[in-house]
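Have a look at the structure below before the remarks.
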Amino acid sequence: MSETTVHGARVYRSESAERRIRGWCEDRLSEYPDLRSLPEIPTSLGPTRAFRFDGGRGAPVVVLSGTNFNSALSASPASDMSEERDVVLVDLPGQPGLSCGVRPKGHRARAYGAWFDEVLPTLVDRPAIVLGHSLGAAVALAGTPSALVKGLVLVGPAGLTHAATSPELMRVALPWMVGPRDDKSSRLLNLMSGPDFRHPVHPFAGWMTMVGRECRTSLAPGPLSTEALLAWQGHNVAVVTGEDDTFFPPSRLHAPARRFLDTELCVLPGAGHLAPYEFPEEVRELVTHADGRGDGIAQDEAAAP
């Protein structure tokens, strides 16, 4: 489906804004000579772009980034995993990046789940680990368990509960939304970061300033339906969050992880909401562990006549 036939809110404030965001992403991705751009994928949510690091013999990992993040930002931490496995990065439609710049209309979680079911077979031909961060984790959970999903590693996941809000968050988010500048972006990003990853000018400040100026940002999705979450019970699912995650702290995730997914929460000491960028080695180990565990249900489905 072409971008012009997708119905929903446009991400970019103008065509020139879209060109600037896409140009920035293309320039950033070009810094990785081993990263291959895959053919554009036509989907129900519009054209989807994906990229691949060819790697070792382990199960491939498919990376779904969070709100306002994308393959251009995730390529650096994800590239470390290519020693062990192929790494596939996907830009979510409806987020700033290189996929369709229109957000799904109506029941967004259901639309993203159907999109994930649609796109996964075009990305991998054997069971893969899906690494979802924040919004990307909710997209993975909204999908259907299948033989192509060997396991889920969900970091700071949306979809299990509502994101936490606080007066402090409002004090830094609203000025960034009204008049984005690098100092305001840094304050917002520092609130999202672990204690050792807060900087006077945050490494992602320039990107977030561009997003604030050029895009209509979106909020984290609410909890998915009980039916969607319970479908993953008995599968290989790891739920992970940072000790200092301002949106999905451990206190908000322990209970839903047990109740809906029958799994214990893993807490990363010193990490904030940007854990995949702060502690890539620890996330890599979680992916390796998920690969080693496998998914008995998915394997049984794959072996069924």
Side-chain angles (χ1 to χ4, degrees), residues 1-31 35 37-51 63-75 89-112 114-116 118-119 132-136 138-139 142 158 163 172-189 192 202-221 274 277:
M1 183 179 292
S2 70
E3 188 160 327
T4 56
T5 59
V6 178
H7 300 289
R10 297 196 65 82
V11 175
Y12 304 106
R13 298 182 187 277
S14 66
E15 291 184 2
S16 60
E18 181 173 2
R19 287 194 297 272
R20 282 189 286 272
I21 290 286
R22 292 183 183 274
W24 187 95
C25 292
E26 294 281 12
D27 288 345
R28 186 74 174 259
L29 289 165
S30 70
E31 297 173 6
L35 183 66
S37 177
L38 301 181
E40 186 176 87
I41 307 165
T43 75
S44 57
L45 295 186
T48 295
R49 293 288 305 279
F51 308 86
V63 180
L64 303 176
S65 302
T67 300
N68 291 332
F69 280 62
N70 52 40
S71 301
L73 292 161
S74 298
L89 302 113
V90 192
D91 277 7
L92 296 181
Q95 290 296 315
L98 296 174
S99 288
C100 178
V102 180
R103 289 201 177 94
K105 187 178 180 181
H107 199 298
R108 191 170 297 172
R110 189 177 302 153
Y112 271 130
W115 167 85
F116 183 63
E118 181 182 5
V119 79
H133 175 226
S134 193
L135 171 62
V139 171
V172 298
L174 291 178
W176 170 76
M177 295 173 70
V178 171
R181 299 193 313 250
D182 283 3
D183 59 335
K184 298 177 183 180
S185 297
S186 292
R187 284 194 286 271
L188 176 60
L189 287 159
M192 298 165 62
H202 195 281
F204 295 149
W207 165 253
M208 286 298 287
T209 298
M210 190 187 311
V211 167
R213 289 173 178 165
E214 313 291 9
C215 303
R216 301 178 180 93
T217 191
S218 60
L219 301 175
L274 301 179
Y277 308 92

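Everything numeric here is computed off the predicted structure, so don't read it as measured data.
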Answer yes or no: is there a donor N or O on one side and an acceptor on the other, between the side chain of [X] and the main chain of [Y], under 3.5 Å?
{"X": "R13", "Y": "R213", "answer": "yes"}
{"X": "D27", "Y": "S30", "answer": "no"}
{"X": "W176", "Y": "M208", "answer": "yes"}

Mind checking what makes side-chain hydrogen bond (donor to acceptor under 3.5 Å, both in side chains) contact with [X], not counting sequence neighbours?
{"X": "D91", "answer": "S71"}
{"X": "T209", "answer": "D182, S185"}
{"X": "S186", "answer": "none"}

For [X], all residues meeting side chain to side chain contact (heavy atoms under 4.5 Å, CB included), sequence neighbours excluded:
{"X": "R187", "value": "V172, D183, K184"}
{"X": "A114", "value": "none"}
{"X": "R20", "value": "S16, A17, E214"}
{"X": "V11", "value": "P96, R103, C215"}

Would you name the heavy atoms of [X] and [Y] that are closest together and state the gap between them?
{"X": "N70", "Y": "C25", "result": "ND2-SG, 3.6 Å"}
{"X": "T48", "Y": "P93", "result": "OG1-CG, 3.6 Å"}
{"X": "A142", "Y": "A109", "result": "CB-O, 3.4 Å"}

Quick one: does [X]'s side chain get under 4.5 Å of [Y]'s, heavy atoms only?
{"X": "L135", "Y": "P221", "answer": "yes"}
{"X": "T217", "Y": "M177", "answer": "yes"}
{"X": "L189", "Y": "L274", "answer": "yes"}
{"X": "I41", "Y": "V90", "answer": "no"}
{"X": "L29", "Y": "S37", "answer": "no"}

Distance col, row C100:SG vs R10:CZ, nearest 0.5 angstrom, shows 7.5 Å

Rounded to the nearest 0.5 Å, the CD atom of Q95 sits from the CD1 atom of I21 at a distance of 11.5 Å

Taken in chain and number order and not counting sequence neighbours, the residues that satisfy salt bridge (charged side-chain N to carboxylate O under 4.0 Å, His left out) with R49 are E26

Residues passing the salt bridge (charged side-chain N to carboxylate O under 4.0 Å, His left out) test with E118, sequence neighbours excluded, are none

Q) Got more than 12 heavy atoms from elsewhere within 6.0 Å of CZ, R110? A) no

Kindly check if the number of other-residue, nucleotide or ligand heavy atoms within 6.0 Å of CD (E31) is above 12?
-> yes

Residues passing the ring pair (Phe, Tyr, Trp, His ring centres under 6.0 Å) test with F204, sequence neighbours excluded, are F69, H202, Y277

Ring pair (Phe, Tyr, Trp, His ring centres under 6.0 Å) filter on W24, not counting sequence neighbours, yields W207

